[in-house]
Amino acid sequence: MDRIRPQSTELRRLLDERTADLQRVKAEYDNYRKQVRRDRMAMREIATENVLRALLPVLDALEGARRQGAMSPGLRAVDDVLETQLGSLGLKVFGEVGEPFDPLCHEAVTHVVAADAESLICTEILSPGYRVGDRLLRPARVTVTGPPPAGGVVVGGRTEAGHGGDGLLGPGPPGPAALRRGS
């Protein structure tokens with residue numbers, strides 16, 4: 001019986017070793033599957049964003065036709081279907097007159113000075129902004145109305161965004177596009 005005990009101890013040790021090896025391999029495989037799933041989701045999101053970004057000129061053309069009142073019934077039907085389908089992919093349109101200006105999602109093209117204004121407000125939407133989930137595809141291009149910029153050049157009640165500092169037309173502080181890029 002003494003000979004059986006050492007063999008069973010050795011078998012038990014080998015079994016424990018193989019079990020630990022199997023558990024490690026299983027954990028590695030599970031991590032691999034999770035990583036592949038995350039990568040596939042990321043690739044799908046990137047592909048969706050690329051397709052939506054490529055369709056933005058089409059949406060701009062439809063918006064231009066809508067503003068000019070040139071929407072035939074057929075074009076209106078295409079616009080409605082396109083809007084529904086793009087919405088199902090997660091495309092969200094933003095940029096409304098009266099919104100507070102946010103340099104993270106608005107691109108100020110023109111600044112109209114209003115001496116009595118306390119903050120910058122979007123007063124005209126030149127082109128809407130688009131996002132998918134939390135990701136910005138394109139900022140809304142807007143005209144803002146607000147207090148005079150600190151040290152900015154004011155000409156006829158209007159000033160161009162991005163100029164500032166000493167009032168010269170040279171480089172000023174980074175504009176909204178530079179802020180979005182993290183410059």
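If you're wondering where the values come from, they're calculated on a predicted model, not measured in any experiment. In what follows, residues are counted from 1 in the order of the sequence shown.
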Is there a side-chain contact between Val93 and Glu63, using heavy atoms and a 4.5 Å cut-off?
no
Which heavy atom of Arg66 sits nearest a heavy atom of Met71, and at what distance?
CA-CG, 3.6 Å
What is the distance from atom CG of Asp30 to atom NZ of Lys34, rounded to the nearest 0.5 Å?
6.0 Å
Do the non-hydrogen side-chain atoms of Leu136 and Leu104 ever get within less than 4.5 Å of each other?
no
Would a distance-only check, ignoring hydrogens and angles, find a side-chain to backbone donor-acceptor pair under 3.5 Å from Thr123 to Thr143?
yes
Does Arg38 have more than 12 heavy atoms from other residues, nucleotides or ligands lying within 6.0 Å of its CZ?
yes
Let me see the working for Asp39 and Gln35 under side-chain hydrogen bond (donor to acceptor under 3.5 Å, both in side chains), right down to the final yes or no.
CA-CA 6 Å; Asp39 289 349; Gln35 182 63 42; 2.8 Å; yes
Does a side-chain heavy-atom distance below 4.5 Å link Arg12 with Asp16?
yes
Looking at Arg13, I'd like to know if its CZ atom is crowded, meaning that more than 12 non-hydrogen atoms belonging to other residues, nucleotides or ligands lie closer than 6.0 Å.
yes
Verify same cluster id: Val36, Tyr29 (apolar side-chain graph, 4.5 Å):
yes
Distance in Å, Thr48 OG1 paired with Arg135 CZ, rounded so as to fall on 0.5 Å steps
11.0 Å
Spell out, as yes or no, whether a donor-acceptor pair under 3.5 Å connects the side chain of Arg141 to the backbone of Leu126.
no
Would you say Ile125 and Leu56 are hydrophobically clustered, going by side-chain heavy atoms of ILVMFWY under 4.5 Å?
no
Rounded to the nearest 0.5 Å, what's the gap from CG on Leu59 to CD on Glu83? Could you check?
9.0 Å
Side chains of His111 and Pro148: does their closest heavy-atom pair fall under 4.5 Å?
no
So Asp79 and Arg76, salt bridge (Lys or Arg N to Asp or Glu O under 4.0 Å) or not? Walk me through it.
CA-CA 5 Å; Asp79 183 42; Arg76 189 170 297 118; over 6 Å; no
How close do Ile121 and Pro100 get, heavy atom to heavy atom, and via which atoms?
CD1-CA, 4.1 Å
Minimum side-chain heavy-atom gap Leu120-Pro147 below 4.5 Å:
yes
Linked, directly or transitively: Leu137 and Val58 (ILVMFWY side chains, under 4.5 Å):
yes
Counting neighbours of CD on Glu118 that are heavy atoms of other residues, nucleotides or ligands and sit closer than 6.0 Å, is the number greater than 12?
no
Of all heavy-atom pairs between Val142 and Val144, which one has the smallest distance, and what is that distance?
CG2-CG1, 3.8 Å
Looking at Ala70 and Leu75, what are the two nearest heavy atoms and their distance?
O-CD2, 4.1 Å
What distance do Asn50 atom CG and Glu45 atom CD have between them, rounded to the nearest 0.5 Å?
12.0 Å
Val132 with Val51, same ILVMFWY side-chain cluster at under 4.5 Å
yes
Honestly curious: do Tyr130 and Leu89 fall in one hydrophobic cluster under the side-chain, below-4.5 Å linking rule?
yes
Check whether Arg131 reaches the backbone of Gly90 with its side chain - one donor and one acceptor, N or O, closer than 3.5 Å.
no
Kindly compute the distance separating CG (Leu91) from CG (Leu55), expressed to the nearest 0.5 Å.
9.0 Å
To the nearest 0.5 Å, what is the distance between CD on Glu107 and CZ on Phe101?
8.5 Å
